[in-house]
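Below is one structure, written out as structure tokens, with a few remarks after it.
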Amino acid sequence: MPGSVKLSAASLNCLCERRYLIADDSQAIRDYLKAMLRQLGIRDVRLAQDGNAALRCLLEEPADILFCDLAMPGMDGVELLRTLAQQSHDLAIVPISSLEPRLRFSVAQMARERGLTVLGTLGKPFQEDELLEALQNYRPCGDELQPPTDEHFDQDEFTEALHARRVHVYYQPQVRISDRRVLGFEALVRMSNRQGQIVSPSEFIGLSESTGQIHRLSHLMIEASLRQLGLWSRLGFDFNLSINFSANILSKLDLPEHLQAIANNRGVPTSRITIELTESQLKTGAELFDVMSRFRMKGFGLSIDDFGTGDSGLTRLRSMPFTELKIDQGFVKGFTRDPDLRSIVSNSIQLGHELGMLVVAEGVQTLAEWKVLQKAGCDIAQGFLISPPLPADKVIPWVQQWHRLHQGD
């Protein structure tokens with residue numbers, strides 16, 4: 001585990017090749033931030049005193065990363081971000097402001113909803129560690145071993161890839177916080193195009209649902225992941241596995257029996273399989289209660305994913321037989337310095353424990369986040385601090401290296 005917030009050599013080299021723009025009406029802040037970037041070896045830094053000046057700079061030459069003050073005269077930061085989204089600028093954003101943390105969080109959420117990439121927020125004054133924490137979220141440099149391509153699948157290409165079984169499963173480690181033991185993995189579906197490039201799920205999940213092929217995709221993903229889990233078990237690695245299910249396939253009343261049959265065929269106990277259901281996608285109804293109840297009766301775990309992002313999370317927690325609560329990464333990111341987010345995370349952990357559930361924190365990226373989660377009693381962590389999602393052949397070497405690094409911790 002790293003000892004402080006720092007950037008790897010590869011990430012730093014990547015960041016040094018990017019173009020930066022600082023938009024702030026305070027010359028002192030502009031100079032201060034520029035000096036901090038220069039200390040990291042970053043040279044391409046331009047300055048703008050307000051939103052209008054920033055737009056002119058971007059018209060002259062694009063930028064990769066924008067530091068944007070919120071309370072600027074003329075065009076303020078919110079207007080600037082709205083304009084950038086409307087103009088489809090491809091750049092990452094770091095809002096900076098002396099305004100209250102809750103307001104900074106709201107602006108960051110607004111930017112994400114408009115399709116912008118937000119690396120984090122900075123409160124004034126900020127320190128180098130806070131800057132590094134934001135910059136380490138910049139990821140065009142390939143944190144996954146096979147980074148997804150930006151190419152788009154059309155319906156014919158998706159159908160072809162599905163029939164050709166170009167479906168792959170990546171595995172993101174889940175580690176117990178108390179002793180750093182690797183408990184298991186979350187299975188994440190990927191597909192490859194005709195050139196063999198990995199395609200992001202955002203390019204095909206919607207297609208699979210709109211074309212009615214989500215059942216076929218889910219079946220291939222389940223088959224592959226449970227076959228791999230059985231193989232690891234025969235090698236002496238008794239991992240747990242979490243599998244994401246689209247809400248569209250929960251209407252199949254025989255789904256628990258189908259999954260149990262596959263698990264039995266692969267020699268995998270159902271107790272080592274957790275079904276993840278995203279809170280915002282869940283729709284109440286007799287069929288859902290039917291399927292979820294029988295999943296639990298057959299020994300599967302049930303996880304409510306992205307907790308806190310839906311409309312009636314507390315009602316679902318009371319009425320559905322969940323065994324695990326996953327805190328959405330949007331609450332974890334930056335919560336170490338945001339009292340409101342820290343309160344949400346801490347109370348979610350306490351609520352989950354009081355209801356007899358394990359609590360998993362997603363998107364853990366810094367040692368500071370790990371330590372606060374540990375102090376708050378969170379059970380399990382996953383995120384880039386531990387590892388990006390891994391292809392199956394990289395899992396065991398990663399586990400062995402993790403154990404070597406953390407023996408005696």
Side-chain angles (χ1 to χ4, degrees), residues 85-86 88-90 111-118 139-140 142-172 185-228 241-255 258-259 262 274-283 285 287-288 291 303-306 309-311 326 328-330 362-363 388-392:
Q86 292 169 346
S88 300
H89 283 271
D90 183 20
R112 293 187 181 99
E113 289 291 330
R114 293 186 180 276
L116 295 173
T117 298
V118 181
R139 305 206 181 280
D143 277 309
E144 284 196 354
L145 299 183
Q146 286 183 262
T149 178
D150 291 331
E151 292 188 13
H152 298 278
F153 265 166
D154 61 26
Q155 183 172 334
D156 290 339
E157 289 173 320
F158 168 72
T159 301
E160 176 192 318
L162 193 60
H163 287 309
R165 291 176 171 262
R166 295 202 301 267
V167 176
H168 314 279
V169 183
Y170 275 50
Y171 301 88
Q172 185 161 40
F185 298 83
E186 178 180 355
L188 302 167
V189 67
R190 301 287 188 264
M191 297 186 78
S192 55
N193 61 19
R194 294 163 183 155
Q195 291 73 43
Q197 297 170 302
I198 297 297
V199 178
S200 171
S202 62
E203 302 299 334
F204 61 81
I205 293 297
L207 272 174
S208 71
E209 294 176 336
S210 64
T211 59
Q213 298 185 91
I214 183 64
H215 299 281
R216 171 68 172 162
L217 178 63
S218 298
H219 175 78
L220 291 174
M221 187 260 200
I222 291 167
E223 281 277 8
S225 59
L226 292 189
R227 181 173 60 250
Q228 188 63 58
L241 188 72
S242 295
I243 304 175
N244 282 283
F245 271 20
S246 166
N248 289 20
I249 73 169
L250 293 177
S251 59
K252 290 181 65 67
L253 295 178
D254 64 346
L255 188 60
H258 176 66
L259 195 58
I262 297 175
T274 295
I275 310 302
E276 291 194 10
L277 306 169
T278 301
E279 178 189 351
S280 58
Q281 290 184 332
L282 290 179
K283 307 297 181 186
E287 290 181 343
L288 178 63
V291 170
S303 176
I304 181 166
D305 196 8
D306 298 344
T309 61
D311 296 326
K326 295 192 79 172
D328 182 63
Q329 61 183 331
E362 295 183 294
L390 302 164

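Note that these values count all heavy atoms, side chains included, but never hydrogens, waters or copies made by symmetry. All values derive from a computational prediction rather than experimental measurement.
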Give a yes or no on whether a salt bridge exists between K326 and E186, defined as a side-chain N under 4.0 angstrom from a carboxylate O. yes

Please work out whether the ring planes of F204 and F158 are parallel, tilted or perpendicular, with thresholds of 30° and 60°. parallel

Closest non-hydrogen atom pair, L255 against F245: CD2-CE2, 3.5 Å

Taking atom CD as the centre, does Q86 end up with more than 12 heavy-atom neighbours from other residues, nucleotides or ligands that are less than 6.0 angstrom away? yes

For P389 against Y170, the heavy-atom pair lying closest together: O-CD2, 3.7 Å

So CZ of R166 and CG of L220: to nearest 0.5 Å the spacing works out to 12.5 Å

Do R190 and P201 come within less than 4.5 Å of each other through their side chains, counting heavy atoms only? yes

So which atom in V199 and which in E203 form the shortest heavy-atom distance, rounded to 0.1 Å? CG1-CB, 3.5 Å

Look at atom CZ of R165 and say whether more than 12 heavy atoms of other residues, nucleotides or ligands are closer to it than 6.0 Å. no

Over all heavy atoms of both residues, which pair between S192 and H168 is shortest? Give the atoms and the distance, please. OG-NE2, 2.8 Å

Looking at OG1 of T211 and CG of L217, how far apart are the two atoms once the value is rounded to the nearest 0.5 Å? 9.5 Å

Contact summary for Y171 and A224, nearest pair of heavy atoms: OH-O, 3.9 Å

Checking side-chain contact (heavy atoms from CB on, under 4.5 Å) for the pair D305/L277: CA distance, chi angles, key distance, verdict? CA-CA 6 Å; D305 196 8; L277 306 169; over 6 Å; no

Report yes if the side chains of I243 and L226 come closer than 4.5 Å at any heavy-atom pair, otherwise no. yes

Is there a side-chain contact (heavy atoms from CB on, under 4.5 Å) between L390 and Q172 once you walk through the steps? CA-CA 6 Å; L390 302 164; Q172 185 161 40; over 6 Å; no

How far does CG of L188 sit from CD of E276, to the nearest 0.5 angstrom? 8.5 Å

Does any part of the side chain of I205, heavy atoms only, come nearer than 4.5 Å to the side chain of V189, both counted from C-beta? yes

So CG of L207 and OG1 of T159: to nearest 0.5 Å the spacing works out to 8.0 Å

Distance, nearest 0.5 Å, that separates CD of E157 from CZ of R194: 4.5 Å

Would you find a donor on one side and an acceptor on the other, under 3.5 Å apart, between the side chain of S218 and the backbone of H215? no

Output the distance between atom CG (L241) and atom CD (Q228), rounded to the nearest 0.5 Å. 9.5 Å

Considering all heavy atoms of both residues, which atom of Q213 and which atom of L162 are nearest to each other, and what is their separation? OE1-CD2, 3.5 Å

